[in-house]
Amino acid sequence: MPANKKMLVLPGDGIGPEVMKQVRRVVDWFDKRRAVHFDIKEGLVGGAAIDKLKTPLPDSVLADALATDAVLFGSVGGPQWDTGDFSMKPERAILGLRKELGLFANLRPAMVYEELADASTLKREVVSGLDILILRELTGGVYFGEPRGVTTLADGTKRGVDTQIYTTPEIERIGRVAFELARKRRNKVTSVEKANVMHTGVLWRETMTRLHGEYKDVELEHMYADNCAMQLVRRPKQFDVIVTDNLFGDMLSDLASMLTGSLGMLPSASLGAPDATGGRRALYEPIHGSAPDIAGKDLANPLAQLLSFAMLLRYSFDLKDDADLIEKAAKNVLKSGLRTADIMQPGATKVSTTQMGEALLKELDRLAA
Ligand code: IPM
Ligand code: MG
């Protein structure tokens with residue numbers, strides 16, 4: 001018997017717990033019906049942890065995250081925890097996990113499900129068939145650079161500072177991931193920065209160009225970040241893999257996700273460097289946030305969280321068939337006309353979070369029969 005896989009589940013705040021509940025049902029289904037078994041731990045993060053334990057990322061949760069095979073993360077944040085103190089913001093939980101686990105490579109696929117092509121705010125012909133991957137550097141840049149902070153000057157005015165830093169090893173390791181992912185896709189990398197304005201951008205461009213020498217079979221193009229934002233709306237299908245820094249990646253991935261019609265559909269994976277045994281630290285989370293306005297109402301779309309679990313099976317455990325099965329079930333449920341409120345279309349059947357979870361389980365039963 002192969003050893004059980006270790007998974008740490010961190011539902012977080014807002015809609016996190018209710019979408020995670022549906023995913024737990026799918027995990028149970030896998031436990032019963034497939035060859036894959038999990039030892040699952042759950043933990044408190046974000047606002048939920050602040051309320052109970054006075055910190056967004058308890059030490060015990062961090063220790064569990066360092067000891068597990070893969071983390072399945074929900075979402076954190078909400079207006080009740082919006083304070084000026086950064087160390088007490090729920091967002092510290094996810095930023096701390098990314099940094100402490102060394103999760104430098106953030107894969108954010110944006111693909112259009114044919115059934116949802118009309119849910120995009122862009123014309124069907126612009127987005128139909130879209131399948132791009134934003135690869136965001138996740139542990140460097142202005143999110144973590146020092147110095148940072150707000151100081152009061154002698155005349156009583158204030159000064160805010162954030163620092164953008166990138167070193168060649170940081171750019172090279174994310175660049176390698178980009179080229180390697182492109183080889184498994186359509187062989188094109190667009191490297192995005194602001195080399196016309198920023199020193200980090202100049203270094204980014206130089207480093208990517210040099211690294212390209214090792215990946216001559218892949219096409220490399222450079223693009224300024226502002227132009228990339230424009231091109232993503234104008235002609236998104238020109239892209240395959242977009243590799244960029246932490247801040248540009250944050251913004252461009254929100255933009256790209258909306259091309260697809262619903263933020264509620266998109267998963268992401270954050271990966272560390274491979275270790276000696278070939279494994280790597282990893283965390284999987286939906287792209288959407290905690291959506292406090294609809295939390296607790298059984299309205300949220302559980303598919304992004306579910307597809308994040310599929311990515312976990314694929315990237316952490318190499319369980320391609322199981323991941324395919326979940327993705328197929330999700331597609332079929334959409335094909336059958338079921339929609340949560342965020343992706344509702346004329347003529348479709350509106351369902352709750354729980355009903356969507358149930359439909360998925362039924363479809364998994366049917367596919368596995
Ligand atoms: C994201 C989010 C986070 C980020 C927040 C919640 C800190 O927007 O994962 O894209 O800015 O990275
Ligand atoms: Mg973001």
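All ligand and atom numbering here is 1-based and tracks the order in the structure. Note that the numbering runs from 1 along the sequence shown for the chain.
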- Message: Any heavy atom of Lys89 closer to ligand 1 than 4.0 angstrom?
- Response: no

- Nearest to atom 2 (C) of ligand 1, what protein heavy atom do you find, and at what distance? Asp250 OD1, 4.0 Å

- Item | Heavy-atom gap Arg98 to ligand 1 smaller than 4.0 Å | yes

- Message: I need the atoms of ligand 1 closer than 4.0 Å to a non-hydrogen atom of Tyr143, numbered in the order shown.
- Response: 4 (C), 11 (O), 12 (O)

- Geometric N/O contact Glu285 with ligand 1, under 3.5 angstrom: no

- Query: At the 4.0 Å heavy-atom cut-off, does Arg108 count as touching ligand 1?
  - Reply: yes

- Query: Is the Mg ion (ligand 2) less than 2.8 Å from at least one N/O/S atom of Asp250?
  - Reply: yes

- Message: Under a 4.0 angstrom heavy-atom cut-off, which atoms of ligand 1 come close to Glu91?
- Response: 6 (C), 7 (C)

- Side-chain H-bond candidate by donor/acceptor type, Asn106 with Arg108, under 3.5 Å: yes

- Check each heavy atom of Arg92 against ligand 1 and say whether those closer than 4.0 Å belong to the side chain, the backbone, both or neither. neither

- Value rounded to 0.5 Å, distance of NZ in Lys194 from OG1 in Thr200: 11.5 Å

- Measure up the Phe179 and His212 rings against each other and bin them: parallel (under 30°), tilted (30 to 60°), perpendicular (over 60°). parallel

- Task: Measure from NZ or CZ of Lys99 to the centre of the six-membered ring of Phe144 and say whether it is under 6.0 Å with the direction within 45° of the ring axis.
- Result: yes

- Message: Looking at Tyr143, I'd like to know if the NZ or CZ of Arg136 sits under 6.0 Å from its six-membered ring centre while staying within 45 degrees of the ring's axis.
- Response: yes

- Query: Is there a salt bridge (Lys or Arg N to Asp or Glu O under 4.0 Å) between Asp131 and Arg185 once you walk through the steps?
  - Reply: CA-CA 10 Å; Asp131 176 9; Arg185 296 172 47 96; 3.5 Å; yes

- Query: Between Phe104 and Glu170, does a side-chain contact (heavy atoms from CB on, under 4.5 Å) hold up when you go through it step by step?
  - Reply: CA-CA 8 Å; Phe104 69 92; Glu170 283 177 312; over 6 Å; no

